[in-house]
Amino acid sequence: MKTPVTEAIAGADSRGAYLSNTEMQALFGRFGRAKAGLEAAKAFNANGEAWAKAAAEEVYKKFPYTTQMQGPQYASTPEGKSKCVSDISHYLRTISYCCVVGGTGPLDEYVIAGLKEFNAALGLSASWYVAALEFVKDNHGLTGDVAGEANIYLNHAINALS
């Protein structure tokens with residue numbers, strides 16, 4: 001999985017060299033941000049399920065037809081609503097992993113790769129997830145560096161879906 005740390009090490013290893021001063025500075029910068037990343041991950045762990053439920057409600061308000069369409073992937077049934085919350089929660093969990101590793105690798109490799117095919121197969125719209133993730137970003141209540149770390153990966157997911 002690609003992270004700033006693994007990329008720096010892989011770069012040095014491919015050259016058969018020790019880490020350069022520039023690579024070391026980048027790693028020290030990442031370690032400096034690590035505390036905020038871990039705090040953001042803790043916030044996702046503590047609040048992720050509630051955020052996912054609130055974001056799903058926002059999707060239903062913004063796209064009311066999602067509660068009227070028939071099928072197991074739509075929110076017209078309790079099962080469909082549960083699936084919607086679960087899908088949003090999956091994004092949020094993966095974003096929390098990004099906060100831990102300090103890179104977009106978990107999103108890129110486990111969620112974004114193949115996303116268009118997945119959504120097309122299930123008849124899902126990326127705009128639903130964009131609305132959910134934007135809602136979480138606007139309402140998570142995090143501040144400072146912790147919010148900055150969380151928002152980096154929320155923005156990455158939003159941009160990938162847009």
Side-chain angles (χ1 to χ4, degrees), residues 1-7 29-69 71-162:
M1 177 181 319
K2 290 183 179 182
T3 70
V5 174
T6 60
E7 287 297 294
R30 175 59 213 141
F31 291 132
R33 289 184 18 234
K35 183 176 190 280
L38 290 174
E39 289 299 318
K42 284 165 89 175
F44 277 93
N45 186 51
N47 303 303
E49 198 61 34
W51 291 345
K53 288 177 183 174
E57 290 299 323
E58 179 67 16
V59 169
Y60 307 150
K61 283 194 298 192
K62 190 168 184 176
F63 304 102
Y65 62 88
T66 60
T67 62
Q68 300 159 1
M69 297 173 77
Q73 69 268 34
Y74 302 111
S76 59
T77 65
E79 294 81 13
K81 286 185 178 183
S82 177
K83 183 193 175 305
C84 182
V85 171
S86 176
D87 290 349
I88 295 167
S89 186
H90 179 73
Y91 276 97
L92 298 181
R93 278 194 321 276
T94 307
I95 290 168
S96 77
Y97 306 153
C98 291
C99 292
V100 171
V101 301
T104 61
L107 273 169
D108 296 337
E109 295 178 25
Y110 301 125
V111 178
I112 295 170
L115 190 64
K116 289 181 183 172
E117 294 84 4
F118 178 78
N119 285 346
L122 293 178
L124 303 175
S125 171
S127 61
W128 302 341
Y129 297 107
V130 169
L133 294 172
E134 286 175 341
F135 176 83
V136 170
K137 181 181 160 194
D138 293 342
N139 295 284
H140 56 49
L142 303 176
T143 60
D145 291 342
V146 176
E149 280 295 302
N151 290 346
I152 287 170
Y153 306 112
L154 285 163
N155 285 333
H156 181 71
I158 290 165
N159 290 334
L161 289 164
S162 297

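Nothing here was measured: the structure is a model prediction, and the numbers come from that model.
- Aromatic ring orientation, Tyr129 versus Tyr91: tilted (interplanar angle from 30° to 60°).
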What donor-acceptor contacts under 3.5 angstrom involve side-chain atoms of residues 49-56, with partners at least two apart or in another chain?
from	atom 1	to	atom 2	distance (Å)
Glu49	OE1	Ser89	OG	3.4

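- Across all non-hydrogen atoms, the minimal contact from Ile95 to Ala150 is CG2-O, 4.4 Å.
- Between Cys99 and Glu149, the closest heavy-atom pair is SG-O, 4.3 Å.
- Side chain of Thr67 to main chain of Ala75: no donor-acceptor pair is present (N/O by atom type, distance under 3.5 Å, no hydrogens or angles).
- Using a 4.5 Å cut-off on side-chain heavy atoms (C-beta onward), Ser127 and Phe63 make contact.
- For Thr104 (side chain) and Leu107 (main-chain N/O), no donor-acceptor pair under 3.5 Å exists by modelled atom type.
- Distance CZ/Phe44 to CG/Leu142: 7.0 Å, rounded to 0.5 Å.
- Across Cys84 and Tyr60, no two heavy atoms sit closer than the pair CB-OH, 3.6 Å.
- The shortest side-chain heavy-atom distance between Lys83 and Asp87 falls under the 4.5 Å cut-off.
- Within the model, atoms OG of Ser96 and CZ of Arg93 stand 8.0 Å from one another, a figure rounded to the nearest 0.5 Å.
- Across every non-hydrogen atom of Val59 and Thr66, the tightest pair is O-OG1, 4.4 Å.
- Between the CG atom of Asn45 and the CG atom of Leu38 there is a distance of 12.0 Å, given to the nearest 0.5 Å.
- Expressed to the nearest 0.5 Å, how far OG1 of Thr143 lies from CD of Glu39 amounts to 10.5 Å.
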### Task
Would you sort out whether Leu92 and Leu154 count as a side-chain contact (heavy atoms from CB on, under 4.5 Å), showing the intermediate values?
CA-CA 8 Å; Leu92 298 181; Leu154 285 163; 4.3 Å; yes
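- Within a 6.0 Å sphere centred on CG of Asn47, heavy atoms belonging to other residues, nucleotides or ligands number more than 12.
- Under the 3.5 Å distance criterion, the side-chain polar atoms of Ser162 are matched with a main-chain donor or acceptor of Ile158.
- A salt bridge is absent between Lys137 and Glu134; no separation between the charged side-chain nitrogens and carboxylate oxygens falls under 4.0 Å.
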### Task
Could you go through the side-chain contact (heavy atoms from CB on, under 4.5 Å) check for His140 and Asn151 one step at a time?
CA-CA 10 Å; His140 56 49; Asn151 290 346; 2.8 Å; yes
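- Distance alone, capped at 3.5 Å, is enough to place a donor-acceptor pair between the Thr94 side chain and the His90 backbone.
- With sequence neighbours excluded, the residues that form a salt bridge (charged side-chain N to carboxylate O under 4.0 Å, His left out) with Lys61 are Glu58.
- Inter-residue side-chain proximity for Phe135 and Glu57 is flagged as unmet; no heavy-atom pair is nearer than 4.5 Å.
- Of all non-hydrogen atoms in Ala132 and Ile88, the two that sit nearest each other are CB-CD1, 3.7 Å.
- His156 is listed as a side-chain neighbour of Asp108, based on a closest heavy-atom distance under 4.5 Å.
- Using a 4.5 Å heavy-atom threshold, the side chains of Asn155 and Leu133 count as separate.
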